[in-house]
Amino acid sequence: MSNEKVVTRFPPSPTGYLHIGGARTALFNWLFSKKRGGKFILRIEDTDEQRSSDEATRAILESMEWLGLSWDEGPYFQSRRYDIYNEVIDRLISNGEAYHCHCSQEDLEKQRQSAKEKGLKPKYDGTCRDLGLGPAPGSVVRLKTPLSGITQFTDLVKGTIRFDNKELDDLIVRRSNGSPTYHLAVVADDISLGMTYVIRGDDHVNNTPRQMFIYKALGEPVPKYAHLPMILGPNKTRLSKRHGAMSVLAYRDMGYLPHALLNALARLGWSYGDQEKFSMEEMVEKFSLESVGKAAGVFSAEKLLDLNAWYIRESSDEFLSERLTPFLERKGFKNLDQEKVKRVSSILKVRSKTLVEMAEGAHFCLAEEITYEKKGDDKFLKPSVVGLFEDLNNRLAAIPEFNQEAIEKLFVDFLEEKEIKLRKLAQPLRVALTGKTASPGIFEVMEVLGREKVVERIRKAVVHIKNKMQDE
RNA sequence: GUCCCCAUCGUCUAGUCAGGUCCAGGACACUGGCCUUUCACGCCGGCAACACCGGUUCGAAUCCGGUUGGGGACGCCA
């Protein structure tokens with residue numbers, strides 16, 4: 001392992017929430033810096049004053065924190081670093097690497113139009129390039145890019161990529177309102193923050209040569225690049241809000257564990273043999289840019305769900321009850337007994353794919369009253385079980401210890417005496433105790449519910465059945 | 001349109017750099033069965049792919065060329 005300094009960054013622009021694609025870029029940068037003992041920097045690219053919002057910034061920070069992708073430096077805000085960019089632009093101008101351009105936006109638009117009509121790539125024709133113009137109202141500053149030659153770089157995931165410089169035009173580095181453009185700000189920041197690796201989405205491949213021009217004009221070393229393949233929506237086109245580009249926070253609210261999301265994201269594009277599940281430590285230890293694939297991929301919500309279910313199953317009761325609490329509170333449960341939440345978590349975790357599902361499943365245990373599911377009520381709460389329920393209730397009230405083991409023993413004797421199968425009794429009882437036809441094991445349910453509630457609910461079920469009989 | 005990139009089961013992928021051990025492995029989904037007090041979990045089994053064409057080679061998923069298909073970029077957005 002080299003002792004090369006590693007500095008990576010994640011630079012979202014706060015024009016919307018953080019979605020899957022951004023989160024994966026952040027994750028890969030984070031993993032790479034951790035793996036190499038480097039630094040991970042968060043930078044907010046808010047140079048577009050129109051579209052940036054504080055709300056989006058907050059959502060991004062909240063998402064990063066929830067995911068646990070901690071940053072070593074930042075967040076830096078580009079909007080507060082204009083001095084740096086202006087200094088760089090002025091240097092470019094005085095070095096003759098950039099020039100003032102007076103072309104109007106209308107002219108440029110016309111140029112683009114006619115280029116397209118001729119089947120050419122729309123690009124600036126360089127009208128002002130050698131005019132030696134000075135600044136003027138409404139003018140911009142453009143970089144003087146090479147007119148010929150080849151620009152190439154070795155992408156750490158895609159290999160060598162080369163561009164003919166003729167394909168590129170003189171990009172704007174300072175807008176007519178005086179603000180720096182994306183390319184300029186990115187390069188200036190990456191230089192000033194000492195970035196050594198730029199790991200970003202595939203959609204930036206074409207931006208790379210442009211940014212390399214700026215580095216060269218400034219006489220600065222170019223960082224190493226790694227372009228991650230795009231994440232596609234289910235329709236195989238770019239992820240959009242219509243097609244699965246949900247906010248990271250939406251996943252949180254749907255009851256996903258951050259670790260599950262991170263694991264799913266890691267496996268989208270990166271692999272380590274056949275391994276599917278990784279602890280965060282393993283992810284860091286095993287991550288490498290060489291094993292990142294080149295092809296774009298579709299994010300699978302089903303796989304995420306499976307992973308989430310697995311991580312829930314594997315989590316401790318302690319951890320789960322903590323995570324579950326906000327979801328229970330959202331359902332209106334207040335002053336929760338944490339011990340009880342822990343116990344219900346333990347019997348629910350094997351059958352919950354999300355925390356939302358789990359909170360739903362915990363209802364029977366935490367709510368004062370339950371309502372019977374129509375289907376279960378009709379099918380199982382019948383007059384034929386009244387006698388059994390009453391008899392059973394007397395015995396449940398009488399056993400010394402009210403735990404699973406004791407209850408099960410009581411049942412064995414009871415069933416033998418009545419000469420019935422457990423299934424004859426379990427389903428009606430399940431409906432009586434939980435209101436539902438599906439629940440954790442009936443003995444587990446009883447223990448978690450506690451003797452008092454069990455006896456009460458069986459009694460209420462008996463009353464309920466008798467009422468139904470009268471109504472008929 | 002021009003440029004850049006990509007191409008293994010429905011999806012994520014292993015295998016491709018160092019061609020034979022791959023009539024292609026794993027996972028998710030789907031599906032048959034077992035277990036069983038329900039629902040799950042778990043276990044056993046099934047379905048299912050090297051885009052196409054040509055070349056190199058004794059031999060190609062793997063190397064080369066082309067075709068097709070897909071994605072991305074072409075902004076005073078990032």
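Convention: sequence-line order gives letters A, B, ...; per-chain numbering from 1. FYI, side chains are in, hydrogens and waters are out, and symmetry mates aren't considered; it's all heavy atoms of this structure.
For A:Q427, the side-chain atoms get nearest to B:U37 when compared with the rest of B:C12, B:U37, B:C74. Among the nucleotides B:A14, B:A73, B:A78, the one closest to any side-chain atom of A:S271 is B:A14. Closest to the A:A295 side chain, of the nucleotides B:C6, B:C12, B:C76, is B:C6. The side chain of A:T181 has B:C76 as its nearest neighbour among B:C76, B:A40, B:U37. For A:R267, the side-chain atoms get nearest to B:C12 when compared with the rest of B:A78, B:U37, B:C12. For A:F163, counting side-chain heavy atoms from C-beta on, the closest listed nucleotide (B:U37, B:U11, B:C4) is B:C4. Out of B:U11, B:C3, B:C76, the shortest distance to the side chain of A:S300 is found at B:U11. For A:K121, counting side-chain heavy atoms from C-beta on, the closest listed nucleotide (B:G26, B:U2, B:C76) is B:U2. Closest to the A:K158 side chain, of the nucleotides B:C4, B:U38, B:C6, is B:C6. With B:A29, B:G75, B:A78 as the choices, the nucleotide that has an atom nearest any side-chain atom of A:D48 turns out to be B:A78.
Using N1 to N3 plus N6-O4 or O6-N4 for Watson-Crick, or N1-O2 and O6-N3 for G-U wobble, each under 3.5 Å, B:A78 pairs with nothing. When both distances must be under 3.5 Å, the Watson-Crick or G-U wobble mate of B:A7 is B:U68. B:U37: no Watson-Crick or G-U partner with both key distances under 3.5 Å is found in any strand. With a 3.5 Å ceiling on both atom-pair distances, the Watson-Crick or G-U wobble partner of B:G20 is B:C58.
Atom CG of A:L268 and atom CD1 of A:I20 lie 8.5 Å apart (nearest 0.5 Å). In this structure, A:F319 CZ and A:H259 NE2 are separated by 9.5 Å, a value rounded to the nearest 0.5 Å.
Contacts of A:E276 with the nucleic acid, taken as non-hydrogen atoms under 4.0 Å apart, include base atoms. If you check every strand for non-hydrogen atoms under 4.0 Å, A:N207 touches a base. As judged by a 4.0 angstrom heavy-atom cut-off over every strand, A:R313 is placed among residues touching the sugar-phosphate backbone only.
Judged by distance alone with a 3.5 Å cut-off, a donor-acceptor contact links the side chain of A:K303 to the base of B:C12.
For the residue pair A:S104 and A:D107, a side-chain donor N or O sits within less than 3.5 Å of a side-chain acceptor on the partner.
The interatomic distance linking A:K277 (NZ) with B:C12 (C1') rounds to 13 Å, in whole Å. Protein atom CZ of A:R200 is 13 Å distant from nucleotide atom P of B:A73, rounded to whole Å. As a whole-Å value, the separation of A:D274 CG from B:G25 P is 11 Å. Atom-to-atom, NZ of A:K236 to C1' of B:A51 comes out at 12 Å; the value is rounded to the nearest Å. In this structure, the NE2 atom of A:H204 is 18 Å from the C1' atom of B:C3, given to the nearest Å. Summarising the geometry, the separation between CG on A:L171 and C1' on B:C76 is reported as 11 Å, rounded to the nearest angstrom. Put simply, CG on A:D170 is 15 Å from C1' on B:C74, counting in whole angstrom units.
Under the 30°/60° scheme for interplanar angles, the aromatic rings of A:Y251 and A:F299 are found to stand perpendicular. By the 30° and 60° cut-offs, the orientation of the rings of A:F278 relative to A:W270 is tilted. Using cut-offs of 30° and 60° on the angle between ring planes, the pair A:H227 and A:Y225 is parallel.
Neither OP1 nor OP2 of B:C39 sits under 4.0 Å from any side-chain N or O of A:R430.
Note that A:R81 lies in the cation-pi zone of A:Y76, set by a 6.0 Å cut-off to the ring centre and a 45° limit from the axis.
The gap from the C1' atom of B:C74 to that of B:C28 amounts to 37 Å, rounded to the nearest Å.
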